[in-house]
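Just so you know, ligand 1 is whichever comes first in the structure, and atom 1 is the first atom listed for that ligand. What you see below is based on every heavy atom in this structure, not just the backbone, and it leaves out hydrogens, waters and symmetry mates. One-based numbering along the sequence shown.
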Amino acid sequence: MPVHRIHHILLCLLHMWTTLTSVSSHPQHSICQLIQRTAVCNNGNLSFVPARLPKDLEELQLNHNNIQTLQNSSLLNYPSLNTLSIASKNKLHLGYEETSHALKTLPRLRALDLSENELNDEMIATLLQNLTSLEYLNLSGNVLGRLDETSFSDLHQLKELDLQRNIMYEIAGAFDSNPKLQRLNLAFNYLLCLTDFHTTQLVVLNASHNFIEWFSSRQDLNDTFLLETLDLSDNRLFFFPFLPNHSHLRNLYLSHNNIRFYEHLADNSTLPNSTTTVEFYNMNKYSGNVTAQLWDESIHGDIASLEILDLRGNQVQYFPHGFIQKMPVLSRLQMCTNCLETLNLTSEQFSGSLYELDVSNNRLNQIAADVVIVLLTFKPKMLPMSIKKKCLKPTSY
Ligand SMILES: *[C@@H]1O[C@H](CO)[C@@H](O)[C@H](O)[C@H]1NC(C)=O
Ligand SMILES: *[C@@H]1O[C@H](CO)[C@@H](O)[C@H](O)[C@H]1NC(C)=O
Ligand SMILES: *[C@@H]1O[C@H](CO)[C@@H](O)[C@H](O)[C@H]1NC(C)=O
Ligand SMILES: *[C@@H]1O[C@H](CO)[C@@H](O)[C@H](O)[C@H]1NC(C)=O
Ligand SMILES: *[C@@H]1O[C@H](CO)[C@@H](O)[C@H](O)[C@H]1NC(C)=O
Ligand SMILES: *[C@@H]1O[C@H](CO)[C@@H](O)[C@H](O)[C@H]1NC(C)=O
Ligand SMILES: *[C@@H]1O[C@H](CO)[C@@H](O)[C@H](O)[C@H]1NC(C)=O
Ligand SMILES: *[C@@H]1O[C@H](CO)[C@@H](O)[C@H](O)[C@H]1NC(C)=O
Ligand SMILES: *[C@@H]1O[C@H](CO)[C@@H](O)[C@H](O)[C@H]1NC(C)=O
Ligand SMILES: *[C@@H]1O[C@H](CO)[C@@H](O)[C@H](O)[C@H]1NC(C)=O
Ligand SMILES: *[C@@H]1O[C@H](CO)[C@@H](O)[C@H](O)[C@H]1NC(C)=O
């Protein structure tokens with residue numbers, strides 16, 4: 001039938017026409033590469049979300065563009081979207097209010113990357129409002145300064161949060177509304193202390209590269225913390241951290257701090273006028289004052305599951321009595337560049353699973369052992385003067 005045929009051709013032409021116009025009137029589309037249900041639209045100098053992407057889109061990457069605002073209806077067409085990244089070189093700080101409306105139109109949003117957008121505390125609070133399905137959030141490289149209990153209060157499903165490279169100086173109860181939070185990165189900020197640590201569900205906490213002088217867990221909690229990895233390296237710790245009373249902590253990174261032990265100060269006769277306790281004041285609400293008795297080994301907390309202990313670049317002169325024995329499954333002990341003077345491998349009773357012990361760059365003049373420990377790595381070297389100076393005279397507190 002000729003009529004039928006004409007219709008058929010017309011339909012084909014119509015289809016071709018819409019395809020062509022959609023491409024020509026929305027040149028941004030070609031900037032995106034479609035891989036199954038993912039649109040990769042990175043490095044395109046885009047200033048808005050490309051139109052007419054597939055309706056069943058699940059992931060949209062808009063990194064390294066020129067986006068200031070996500071218009072409030074620009075994501076309405078993609079109800080299946082669960083992963084959105086607008087990281088690096090975008091400028092969401094300029095249009096965060098409207099952007100927050102656009103984000104709220106995504107009922108399935110699970111992963112959001114807003115790193116490197118010059119976002120501050122107030123902007124983040126607005127952007128994250130009501131994003132109750134979020135599980136992964138990357139806010140690294142922004143300008144967050146202070147977090148409190150309102151910052152992430154709607155993110156009940158949050159599992160992983162990256163806050164590294166901000167300018168954070170205070171965190172007050174910020175994670176109390178995130179019962180599923182397992183991984184938290186606070187590296188490269190300006191934190192001075194982490195006290196009252198009570199986020200029992202965390203598995204990995206990274207607070208390296210801050211200015212932390214002391215770390216203490218909440219002492220009145222009888223819960224077992226799920227913490228397995230704690231990174232406090234490159235800080236200003238004076239004391240071994242006050243770890244949770246009950247945990248399964250396996251990896252403890254404490255390199256490049258000022259850690260020493262103070263057990264010897266308990267001997268009153270040598271320092272008659274010194275006090276033997278130290279008091280910590282929580283400058284914020286005075287709610288976390290802690291008085292610690294420095295020789296009391298219980299302040300170290302539960303280290304029974306430790307496998308890796310990295311104490312490189314500290315000021316340790318000796319191990320407190322029974323300290324090594326408290327770590328029966330320790331496999332690596334990294335002690336290089338400390339102030340150890342003697343080491344008796346027999347009396348310390350290292351674990352049978354120890355396979356690395358690095359005591360190079362110390363002041364060791366005596367190493368005693370009457371058993372051979374499997375595969376011991378000794379790297380004794382002459383101590384350079386600069387490091388010798390670092391070993392301070394005992395001071396009283
Ligand atoms: C990026 O887009 C803006 C306008 O949106 C324009 O002013 C600028 O020149 C573009 N930059 C490049 C490198 O194309
Ligand atoms: C988007 O913003 C316009 C103007 O502010 C408003 O009229 C409209 O209701 C908003 N739409 C949505 C989906 O929020
Ligand atoms: C957030 O959700 C609550 C409860 O669903 C609703 O009452 C409120 O208006 C929402 N806020 C915004 C800013 O959308
Ligand atoms: C967060 O974003 C930064 C910068 O884009 C990136 O280096 C980092 O790996 C991301 N974090 C995670 C946990 O993926
Ligand atoms: C902690 O974060 C820093 C900076 O991203 C990284 O170099 C380090 O490897 C992390 N630590 C752990 C234990 O993953
Ligand atoms: C935790 O250990 C500290 C120091 O030994 C102790 O004072 C505190 O009572 C313990 N807390 C609980 C809940 O057992
Ligand atoms: C802490 O928990 C243990 C084991 O569940 C229990 O035996 C002990 O009585 C508890 N201690 C306190 C102070 O609640
Ligand atoms: C040190 O002296 C004080 C006051 O005389 C005493 O209470 C304390 O128990 C002494 N400490 C030790 C470890 O003997
Ligand atoms: C201890 O303190 C008393 C009174 O303040 C003082 O007279 C004495 O000289 C001090 N002793 C030492 C060893 O500093
Ligand atoms: C903590 O110490 C400060 C300063 O001494 C004091 O004012 C405050 O009452 C103390 N708080 C508690 C809970 O002990
Ligand atoms: C090392 O410790 C063992 C066991 O405590 C002891 O018998 C031995 O004399 C000590 N060695 C030295 C050199 O102190």
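Close contacts between ligand 5 and Ser208 involve ligand atoms 1 (C), 2 (O), 3 (C) [criterion: under 4.0 Å to a heavy atom]. For ligand 5, the atoms lying closer than 4.0 Å to a non-hydrogen atom of Asn185 are 2 (O). The distance from ligand 5 to the heavy atoms of Phe188 drops below 4.0 Å at these ligand atoms: 4 (C). Distances below 4.0 Å separate heavy atoms of Asn45 from the following atoms of ligand 1: 1 (C), 2 (O), 3 (C), 8 (C), 10 (C), 11 (N), 12 (C), 14 (O). Close contacts between ligand 6 and Leu221 involve ligand atoms 13 (C) [criterion: under 4.0 Å to a heavy atom]. Near Asn66, meaning under 4.0 Å from one of its heavy atoms, ligand 1 places the atoms 1 (C), 2 (O), 3 (C), 5 (O). Annotation for ligand 5: atoms under 4.0 Å from non-hydrogen atoms of Tyr253 are 13 (C). Of all the atoms in ligand 5, the ones that sit under 4.0 Å from a non-hydrogen atom of Gln164 are 4 (C), 5 (O).
The aromatic rings of Phe319 and Phe350 sit perpendicular, their planes meeting at an angle over 60°, well past the 30° parallel limit.
The side-chain hydrogen bond (donor to acceptor under 3.5 Å, both in side chains) test with Lys91 singles out one residue from Asn66, Asn65, Asn117, and that residue is Asn66. None of Thr126, Asn166, Asn142, Leu144 except one satisfies the side-chain contact (heavy atoms from CB on, under 4.5 Å) rule with Leu119; the exception is Asn142.
Ranking protein heavy atoms by distance to atom 2 (O) of ligand 5, first place goes to Asn206 ND2, 2.3 Å.
Of the candidates Asp231, Leu186, Leu232, Leu230, the one placing a heavy atom closest to atom 11 (N) of ligand 5 is Asp231. Nearest to atom 1 (C) of ligand 6 by heavy-atom distance, out of Asn245, Asp223, Asp220, Leu243, is Asn245.
Between Lys180 and Gln157, the closest side-chain pair of non-hydrogen atoms falls below 4.5 Å.
Not one N or O of His246 is nearer than 3.5 Å to an N or O of ligand 6, by distance alone.
Aromatic pair Phe211/Tyr169: ring centres not closer than 6.0 Å. Residues Phe323 and Phe261 bring their aromatic ring centres within 6.0 Å. Between His300 and Phe242, the gap from one ring centroid to the other reaches at least 6.0 Å.
For Arg183, the CZ atom is loosely surrounded, since the number of other residues' heavy atoms within 6.0 Å does not exceed 12.
Looking at His209 against ligand 5, nothing comes within 4.0 Å, counting heavy atoms. Looking at Val204 against ligand 5, nothing comes within 4.0 Å, counting heavy atoms.
For atom 7 (O) of ligand 1, the nearest protein heavy atom is 4.0 Å or more away. Of the protein's heavy atoms, at least one falls inside 4.0 Å of atom 14 (O) of ligand 1.
Put simply, Ile167 and Leu194 are part of two different groups of oily side chains (I, L, V, M, F, W, Y) that touch within less than 4.5 Å, one to the next.
Salt bridge Arg146/Asp121: absent, no basic N to carboxylate O contact under 4.0 Å.
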